[in-house]
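Accompanying notes for the structure given below.
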Amino acid sequence: MHNVEIAWVFYEIADLLEIKEDNPFKPRAYRKAGRTIAKWDQPLSALKEDEIRAIPGVGAALAAKITELLKTGKCEYHQKLREEVPLGLLEVLAIPGLGAKTARTLYRKLGITTIDELEAAAKARKIRTLPGMGNKTEFAILHGIDMLRTGSGAAPVGVATAVGRNLAEFLAALPEVTQVSLAGSTRRMKEMIGDIDLVVASEKPVEVTGLFVKHPSVKEVSAHGENQVKAITWLGIQVDLLVVGPQEYWAALHHFTGSKEHNQRLQELAGERGLKIYEYGVFPEGQDESLPVNSEEDLYLALGLPYIPPELREDEGEIEAALEGTLPDLVSVEDIRGDLHLHSKWSDGVATIEEIVAAARQRGYEYIAITDHSKSLAIAGGLKEERLMEQHRYIDELNRGLEDFRVLRGIEVDILSDGRLDYGDELLSGMDVVIASIHSGFRQSREEMTKRMLSALKNPHVNILAHPTGRMLGRRDAYEVDLEKVFEAAAKYDKVLEINASPDRLDLNAENVRRAAKDYGLKIAVNTDAHHISKLEDMYFGIGTARRGWLEKKDVINTFTLEELGRIFGKRG
DNA sequence: GCCGTTTTCGGCCCGACTGTTTTCAGTCG
């Protein structure tokens, strides 16, 4: 049993306990342990009992449940809870703004046990009859259900990539397999992934597919042919595996990378040149032997085109640009010299500044900015003025001991509900980097929210606007804001907008990034907002979004040298 | 249910926001 599966059981136990109204600290204990287990380096199945017991947050009771899960694949306590609580309520909990207490009230007063029943009750205006709930709650529930339904079945790219890589690594290790790649929307770095596509080159497709369906991540096989498999993994994500001969690999990889629209345009182009493109190769009209295709470059070359990177293959102007020779030279992870939005132990991060520096240097970075939370965000350990000054003195001291690396003294300052910043100008003027962002008052009107952001952008000390729309993928919509006005103001006051690289956010998204950079000439910072050193790797997803937004190195400020960066930040205020 | 030089019970991230109230409960981060 995979660590994540154990964590999953614990999360569900936590939800069930909350609905049951047990000791409120119990679910917290299960969640905390679940989070730790999910991130644990070694598989728990490889650990001895006392090693499991030594995991922080795992006591005698949870250790016993882990052992039981590893041995039997089940946990009696979990099963018992599932019998006591209607399971549909777990789905109901996924509706934003609706927690365990409300779920319980809905169950006890209206007998609601599923999302469908909840929707019917909301439409029949029964929700507003309950104590503490009114028409707005009812509307929010309907809106939330709508959001869940449109996103259902799809996984954020972060999850899909992790699952896909895991399977790809397994396949790559098989002696029968010569090549393997993620394809489809995961390779194109779309933000939500419907199914994971894997393309494999092998002379022995039957053996490969036969092993694949036995992989522990595979929960259910919906189709199993000689050279392809459709399966559902333990996270409920569909995976499509295609095995082709080594000669057909590149054409197949290209075909299953898509998008469909991009491929259709290529087929039209091929037709004009007397060629046909299939997933098996590029064929001159009337012949059944493919032109030699030993890379995706070869395939584009056959059509008289330069190579088009996967992130651009959406038929959104890339074919025209390729024909004109004006394709962008996309920014890449290797171009990145530093991360400008990071949290340390001083607020709600888990690493010391020294640990972050070490991890950043390992990635080849030349600088980072430590940008902990400001005082209003008390729950995240936001820094009071004196603490912030203390941190900056600490960083100064640290910098004195560092060669070829620089820690910038920064802050992620909250934009308060009325548009003021959480610190005064005097304090902000002493920072190397000021990131402004919104963590409260998400439901203000479009006018208020826009005004609030413009007021922050006007502040001469602000350098970067972080996660500008506040959306959380599949969980929370962007807040109401007039982005055009934000872009205009950012251009006017010379501010940088962020691509928050956390795969839960990816904010700005690719479409907005492309508009901001191309229509408004704005510079972008791709930042991970990491609270843990392992999350520095999220840069990959941020750069994916930047590439989907057609950004080049010159558009992204954290590809610049420290000196260039200083000029960008220094010319303000 | 976990944790502890506050050792075996009593804490456990805590304040803002929202919608419903008319002083507060529930949710979120």
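Because only heavy atoms are used, hydrogens play no part in the values below, and waters and symmetry mates are left out as well, while side chains stay in.
The backbone N or O of A:G410 lies less than 3.5 Å from a partner atom in the side chain of A:H392, making a donor-acceptor pair.
The gap from the P atom of B:dT5 to that of B:dG1 amounts to 23 Å, rounded to the nearest Å. On the C1' atoms, B:dA16 is 24 Å away from B:dG11, given to the nearest whole Å. For the C1' atoms, the distance linking B:dT8 with B:dC13 amounts to 24 Å, nearest Å. Rounded to whole Å, the separation between the P atoms of B:dG26 and B:dT21 comes to 13 Å. Going from the C1' atom of B:dT23 to that of B:dT18 covers 15 Å, rounded to whole Å. Atom name P, nucleotides B:dC28 and B:dT20: the rounded distance is 15 Å, in whole Å.
A side-chain donor from one of A:S376 and A:D422 sits under 3.5 Å from a side-chain acceptor of the other. Between the side chains of A:D339 and A:N558, no donor-acceptor pair of N or O atoms lies under 3.5 Å. With hydrogens and angles left out, the side-chain atoms of A:E191 and A:N509 include no donor and acceptor closer than 3.5 Å. In this structure, a donor-acceptor pair under 3.5 Å is present between the side chains of A:E498 and A:N500.
Between the NZ atom of A:K101 and the P atom of B:dC28 there is a distance of 13 Å, given to the nearest Å. When the C1' atom of B:dG29 is taken as reference, atom CZ of A:R35 falls 12 Å away, rounded to whole Å. Across the protein-nucleic acid pair, A:R108 atom CZ and B:dG26 atom P stand 12 Å apart, rounded to whole Å. Atom P of nucleotide B:dC13 and atom NZ of A:K345 are separated by 16 Å, given to the nearest angstrom. A straight line from CD of A:E412 to P of B:dG29 spans 14 Å, rounded to a whole angstrom. The separation between A:E18 atom CD and B:dT27 atom C1' is 11 Å, rounded to whole Å. Remark: C1' of B:dG26 and CD1 of A:I95 are 15 Å apart, rounded to the nearest angstrom. When rounded to the nearest whole Å, the span between CG of A:L17 and P of B:dC12 equals 21 Å.
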Using atom names, set out every protein N or O paired with an N or O of nucleotides 21-24 of chain B below 3.5 Å, distance rounded to 0.1 Å.
none

Short heteroatom pairs, N/O only, protein and nucleotides 3-10 of chain B, under 3.5 Å:
unit_1, atom_1, unit_2, atom_2, d
B:dC3, OP1, A:G57, N, 2.7

Name the pairs: protein N/O against N/O of nucleotides 15-18 of chain B, kept only if under 3.5 Å.
unit_1, atom_1, unit_2, atom_2, d
B:dC17, OP1, A:S417, OG, 2.7

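Using a 4.0 Å heavy-atom cutoff across all strands shown, A:A100 reaches sugar-phosphate atoms only and no base atom. Among the heavy atoms of the strands lying under 4.0 Å from A:L98 are primed sugar atoms or P, OP1, OP2 only; no base atom is included. Among the protein residues, A:N135 comes within range of the sugar-phosphate backbone only, with heavy atoms under 4.0 Å from sugar or phosphate atoms but none that close to a base. Residue contacts for A:K65: at a heavy-atom cut-off of 4.0 Å it reaches the sugar-phosphate backbone alone, with no base atom in range.
Listed nucleotides: B:dC13, B:dT20, B:dC2. Nearest to the side chain of A:T137: B:dT20.
Judged by centroid separation below 5.5 Å and plane tilt below 30°, A:F25 does not stack onto the base of B:dC2.
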Could you pull out all donor-acceptor pairs under 3.5 Å where a side-chain atom in residues 93-109 of chain A meets a protein atom, sequence neighbours excluded?
unit_1, atom_1, unit_2, atom_2, d
A:R104, NH1, A:E18, O, 2.8
A:R104, NH2, A:E21, OE2, 3.4
A:T105, OG1, A:K101, O, 2.9

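In this structure, B:dT27 and B:dA16 make a Watson-Crick or G-U wobble pair, each of the two defining distances being under 3.5 angstrom.
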Candidate pair A:E537 and A:R363, rule salt bridge (Lys or Arg N to Asp or Glu O under 4.0 Å), full reasoning: CA-CA 9 Å; A:E537 286 182 19; A:R363 296 181 62 84; 5.1 Å; no

A:E390 vs A:R393, salt bridge (Lys or Arg N to Asp or Glu O under 4.0 Å): CA-CA, chis, key distance, verdict: CA-CA 5 Å; A:E390 189 189 334; A:R393 284 192 296 275; 5.6 Å; no

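Each of A:T102 and A:E138 was matched to the nucleotide of DNA chain B holding its nearest heavy atom; the match closer to the 5' end belongs to A:E138. Mapping A:Y77 and A:R28 onto DNA chain B by nearest heavy atom places A:Y77 closer to the 5' end of the strand.
Within residues 121-128 of chain A, no residue has any heavy atom closer than 4.0 Å to DNA chain B.
Within the structure, the ring pair (Phe, Tyr, Trp, His ring centres under 6.0 Å) test picks out the following pairs touching residues 26-64 of chain A (sequence neighbours left out): A:F10-A:Y30.
The base of B:dG1 sits with one of its N or O atoms less than 3.5 Å from a complementary donor or acceptor on the side chain of A:N23.
Heavy-atom minimum distance, A:A360 versus A:I368: CB-CG2, 3.5 Å. Closest heavy-atom contact between A:S417 and A:Q444: O-NE2, 3.0 Å.
A salt bridge is absent between A:E68 and A:K65; no separation between the charged side-chain nitrogens and carboxylate oxygens falls under 4.0 Å. With salt bridges taken as basic N to acidic carboxylate O contacts below 4.0 Å, one links A:E119 and A:K123. Using a 4.0 Å cut-off between charged nitrogen and carboxylate oxygen, A:R31 and A:D15 count as a salt-bridge pair. At a threshold of 4.0 Å, the pair A:K48-A:D50 does not count as salt-bridged, since none of the basic side-chain nitrogens sits closer than that to a carboxylate oxygen.
For the pair A:R452 and A:Y479, the cation does not sit on the ring face, since its NZ or CZ is not both under 6.0 Å from the ring centre and inside 45° of the axis.
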